[in-house]
Amino acid sequence: MAIMNFGGVDENVVTRDEFPLGKAREVLKDETIAVIGYGVQGPGQSMNLRDNGFKVIVGQRKGGKTWDKAVADGWTPGETLFEIEEACRRGSIIQYLLSDAAQIEVWPRIAKYLTPGKALYFSHGFGITYKERTGIIPPADIDVILVAPKGSGTSLRRMFLQGRGLNSSYAVFQDATGRATARAVALGIGVGSGYLFETTFKKEVYSDLTGERGTLMGAIQGLLLAQYETLREHGHSPSEAFNETVEELTQSLMPLFAENGMDWMYANCSTTAQRGALDWMGAFHDATKPVFEKLYTEVAAGREAQRSIDTNSKPDYRAGLERELQALRESEMWQAGAVVRKLRPEAGAGL
């Protein structure tokens, strides 16, 4: 574990140079990793672990679409693919990768398999941080650990196949064996992390819920839509409004500041763009900071978690969610986006 300085603040960071894959395999050589759930994170993490040479099995409800997906991904029923309870019985490390709502529902079925010395692994701090609300209270004689990739399971798998790593956070909530940190870091390397930074379950879920509702998803959609609507209301065509709002951002500018930072992206734009961005960023900061403060307060108070629990537990939740996603998908901005994406030249194609 190295101490690295981030803008004047020291943090604990684990890299693959100091904790190589061979060391991770040695730490987990006697472990059977049972991945419970095959939805968002399960496929990417389990296949990366398998390809990295760890002993992995998958636990999933038989007969569903995700069971069939697991079979298609190379998991063999009765050998590496089992019903949830059987996988939990066989596993010494149980990766609990069901959705937050499903974790609450399934918890009574897996708790009895958490025998002394096992490890319970999460990729989201929700269930443990809000344990009084979720009822997920692990026994005291097991390790409780977290590795949270900073991206979807699809991105984790895609980057792994490209020979790259996705950064992750890691945390230890409960160390019953004295090996909890080593287990967490080894699993983080095994699932394909480029590097791992230390956090806590509470900080992970607070930052995650804020980020998802903020710049990662909620705020970005709100900002994009506000600009798109303004351009359209002033007579700009759908394609022009979309290109200036979304396409240039995602295809041109995001790769630049991902590569070398916002200042480098600014430096590679026109002086007119630089001046306008520097002049207006303060106004956008001042307008949105109170919203982020309110959001963080709701997260820290547990009210945002309770809304998620209440909403996701409704029997008609999936149908309602699909209606909302359909409305988003069929909005003019994203219908324009679908057309624009089809017009993108293929990689390597000339004009």
About how many Å separate [atom2] of [Y] and [atom1] of [X], when rounded to the nearest 0.5 Å?
X	Y	atom1	atom2	answer
Thr250	Leu253	OG1	CG	9.0 Å
Ser99	Asn312	OG	CG	7.0 Å
Glu198	Tyr170	CD	OH	4.0 Å
Asp100	Arg133	CG	CZ	13.5 Å
Leu231	Met333	CG	CE	11.0 Å
Leu21	Asn52	CG	CG	4.5 Å

Check: Is any side-chain heavy atom of Pro139 less than 4.5 Å from a side-chain heavy atom of Ile142?
Finding: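 Yes, side chains in contact.
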
Next item on the list: Answer yes or no: is there a side-chain heavy-atom contact under 4.5 Å between Thr80 and Arg50?
Entry: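 Thr80 vs Arg50: side chains apart.
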
Other ILVMFWY residues reachable from [X] by side-chain steps of under 4.5 Å:
X	value
Tyr113	none
Phe160	Leu161
Leu325	Tyr317, Leu321
Ile57	Phe82

Transitive ILVMFWY side-chain link [X] to [Y], under 4.5 Å:
X	Y	value
Met265	Leu224	yes
Leu256	Leu249	yes
Val144	Val172	no
Ile128	Val106	yes
Val147	Ile145	yes

So, using ring pair (Phe, Tyr, Trp, His ring centres under 6.0 Å) as the criterion, who are the partners of [X] when residues are at least two apart?
X	value
Trp334	Phe242
Tyr130	Phe126
Phe197	none

Between [Y] and [X], is there a side-chain donor-acceptor contact under 3.5 Å, judged purely by atom types and distance?
X	Y	result
Thr210	Ser207	no
Glu247	Gln251	no
Gln45	Ser123	yes
Ser168	Ser193	yes
Trp67	Tyr38	no
Glu204	Thr199	no

Next item on the list: Test Leu209 against His124 for side chain to side chain contact (heavy atoms under 4.5 Å, CB included), laying out the working first.
Entry: CA-CA 10 Å; Leu209 292 182; His124 189 24; 4.2 Å; yes

Between [X] and [Y], which heavy-atom pair has the shortest distance, and what is it?
X	Y	value
Gly44	Leu156	C-CD2, 4.2 Å
Phe54	Ala24	CE2-O, 3.6 Å
Ile33	Leu187	CD1-CD2, 3.7 Å
Ala34	Gly91	CB-CA, 4.0 Å
Ile94	Ile36	CG2-CG1, 3.7 Å

Notebook entry, point to check: Which pairs, with at least one residue in residues 260-286 and sequence neighbours excluded, count as a ring pair (Phe, Tyr, Trp, His ring centres under 6.0 Å)?
Noted result: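 Non-adjacent pairs meeting ring pair (Phe, Tyr, Trp, His ring centres under 6.0 Å): zero.
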
Item checked: Contact list for residues 11-37, test ring pair (Phe, Tyr, Trp, His ring centres under 6.0 Å), sequence neighbours left out ->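 Applying ring pair (Phe, Tyr, Trp, His ring centres under 6.0 Å) to every pair that reaches into residues 11-37, excluding sequence neighbours, yields nothing.
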
Note to self: Does Glu26 form a salt bridge (Lys or Arg N to Asp or Glu O under 4.0 Å) with Lys29? I'd like the steps, not just the answer.
What the structure shows: CA-CA 5 Å; Glu26 179 64 24; Lys29 64 181 180 180; 2.9 Å; yes

Next item on the list: Take Arg90 and Glu86 through the salt bridge (Lys or Arg N to Asp or Glu O under 4.0 Å) test and state the conclusion after the steps.
Entry: CA-CA 6 Å; Arg90 291 171 177 257; Glu86 180 61 17; 2.7 Å; yes

For [range], which residue pairs pass the salt bridge (charged side-chain N to carboxylate O under 4.0 Å, His left out) check, not counting sequence neighbours?
range	answer
residues 313-323	Glu322-Arg329
residues 331-342	Arg232-Glu332
residues 157-172	Asp51-Arg157

Is [X] atom [atom1] crowded by more than 12 heavy atoms from other residues, nucleotides or ligands, each under 6.0 Å away?
X	atom1	answer
Lys150	NZ	yes
Lys118	NZ	yes
Glu105	CD	no

Next item on the list: Apply side chain to side chain contact (heavy atoms under 4.5 Å, CB included) to the pair Leu28 and Ile93, showing each step before the final yes or no.
Entry: CA-CA 10 Å; Leu28 301 178; Ile93 297 173; 3.8 Å; yes

Check: Does the side chain to side chain contact (heavy atoms under 4.5 Å, CB included) test come out yes or no for Leu114 and Leu120, once each step is laid out?
Finding: CA-CA 8 Å; Leu114 297 174; Leu120 179 62; 4.2 Å; yes

Next item on the list: Under the salt bridge (Lys or Arg N to Asp or Glu O under 4.0 Å) rule, what do Arg61 and Glu83 come out as? Steps first, then yes or no, please.
Entry: CA-CA 5 Å; Arg61 182 177 62 83; Glu83 292 274 8; over 6 Å; no

Item checked: Lys55/Glu31 ion pair, N-O < 4.0 Å ->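 Salt bridge absent between Lys55 and Glu31.
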
Next item on the list: Decide side chain to side chain contact (heavy atoms under 4.5 Å, CB included) for Arg307 and Glu304; before the verdict, give the C-alpha distance in whole Å, the side-chain angles of both, and the deciding distance to 0.1 Å.
Entry: CA-CA 5 Å; Arg307 274 193 288 273; Glu304 194 62 30; 2.6 Å; yes

